[in-house]
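Reading through the structure tokens given below for one structure.
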Amino acid sequence: MNEELKENGNINFPDEEQFGQFISQYRQLMLLYESAVQCVTVRLDTIGKEVTIREQRSPIRTVTSRIKEPHSIYQKLQKRGYPLTLESIMEHLNDIAGVRVICEYLQDVYAIRDALISGGTIRLVREKDYIKHPKPNGYRSLHMIVDVPVMLCEGEKYVRCEIQIRTTAMDSWAGLEHNLRYKKDRAQDCNTDQKLKRCASLLAESDSLMQEIADELGLFWNI
Ligand code: 0O2
């Protein structure tokens, strides 16, 4: 972060002490986001284990998480015209803490979503359903913005976190597209974009068929 700020040079700190204070507060803020990620991953772990005991299968393939890098924080704030301050980070960015859940079937996506917010500890703030409403490029995933309780010495604090839930098929597409296209400065290429979109449709068809098979076998669960 220090280097980032010095490089970009868009914050003027009157002295080293104030700069040091900013860095210390930034670290505390990131600790909050790390704790939020832990809270979500622990809940997901429990959901996975509960369903495995009941249904003899785990609906969750993998859970990954990340805290947004300082340069990405800076770029996103700058792109949207917000100042690089701690208040601005908290107010304007929902995805400093990010958790991605990869699951087996389409129905698992929504069952995991429901299980996460059942009980009310994790509070749903907003949802973007790019599965029911895919992005024009073919991107599919369920995005949840949630508030997660984090216990601090001075008491409980709710911290924002983004959870992306998708099937393995959606994830394989998103991974490749992320490398090829997303935020890449390559020249627009209609042919590539159309092919990528076609791949997304084929994978979506496969997800629907796999769900049909799961339905026929009665692989349904909810919490
Ligand atoms: P990165 O590099 O993955 O970290 P918001 O402020 O939440 O309303 P935002 O941030 O545009 O607006 O949210 P949105 O649309 O929910 O997308 C957030 C994240 O979803 C992205 O994070 C990507 O991880 C993923 N995503 C969205 N669209 C696409 C896409 O077209 N292709 C791929 N591969 N991933 C996508 P970041 O921070 O933009 O990027």
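The figures that follow rest on heavy atoms only: side chains count, while hydrogens, waters and symmetry mates do not. As the structure lists them, so they are numbered: ligands from 1, and atoms in each ligand from 1.
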Under a 4.5 Å cut-off applied to non-hydrogen side-chain atoms, are C103 and I112 in contact? yes

Does a side-chain heavy-atom distance below 4.5 Å link E104 with R61? yes

Can you list the steps and then say if Y33 with V37 is a side chain to side chain contact (heavy atoms under 4.5 Å, CB included)? CA-CA 6 Å; Y33 288 117; V37 161; 5.8 Å; no

Taking the non-hydrogen atoms of K68, is any one of them nearer than 4.0 angstrom to ligand 1? yes

Looking just at side-chain N and O atoms, do R166 and Q164 make a donor-acceptor pair shorter than 3.5 Å? yes

Return the minimal non-hydrogen interatomic distance between G138 and R140, and the atom names on each side. O-NH1, 3.0 Å

Of all the atoms in ligand 1, which lie at a distance below 4.0 Å from a heavy atom belonging to D95? 38 (O)

Considering distance alone, does some N or O of W173 sit under 3.5 Å from an N or O of ligand 1? no

Is there a side-chain contact between V99 and T64 in this structure, where contact means two heavy atoms from C-beta onward sitting under 4.5 Å apart? no

For ligand 1, which atoms sit closer than 4.0 Å to a heavy atom of Y130? 14 (P), 15 (O), 16 (O)

Out of all atoms in ligand 1, which are within 4.0 Å of some heavy atom of K135? Include the element for each. 27 (C), 28 (N), 29 (C), 31 (O)

Where ligand 1 meets R80 - atom numbers and elements under 4.0 angstrom, heavy-atom basis: 6 (O), 9 (P), 10 (O), 11 (O), 12 (O)

Do L116 and R43 have side-chain heavy atoms sitting under 4.5 Å apart? yes

Distance-only polar pair, side chains of D215 and Q211, donor-acceptor under 3.5 Å: yes

Closest to atom 7 (O) of ligand 1 (judged by heavy-atom distance), picking from K79, M170, R160, K128: K128

Are any of the N/O atoms on I145, whether in the backbone or the side chain, positioned under 3.5 angstrom from an N/O atom of ligand 1? no

Taking only non-hydrogen atoms of Q75, do any sit less than 4.0 angstrom from ligand 1? no

When only distance counts, is R166 in polar contact with ligand 1, meaning an N/O pair under 3.5 Å? no

Numbering as shown, the atoms of ligand 1 that approach E162 to under 4.0 Å (heavy-atom distance): 16 (O), 18 (C)

Which ligand 1 atoms are under 4.0 Å away from a heavy-atom of R100? 24 (O)

The answer for which part of L93 has a heavy atom under 4.0 Å from ligand 1 is neither

Answer yes when D95 and K76 have at least one side-chain N-carboxylate O distance shorter than 4.0 Å, and no when they do not. yes

Answer with side chain, backbone, both or neither: which part of H143 has a heavy atom less than 4.0 angstrom from an atom of ligand 1? side chain

On the 0 to 90° scale, with breaks at 30° and 60°, tag the Y139-W173 ring pair as parallel, tilted or perpendicular. tilted

For S88 versus L77, what's the shortest heavy-atom pair and its separation? OG-CD2, 3.5 Å

Using a 4.0 Å cutoff against the non-hydrogen atoms of N137, which atoms of ligand 1 qualify? 30 (C), 31 (O)

Record the part of R140 in heavy-atom contact with ligand 1 below 4.0 Å; permitted values are side chain, backbone, both and neither. neither

Applying a heavy-atom cut-off of 4.0 Å, say which part of E69 lies close to ligand 1: side chain, backbone, both or neither. neither

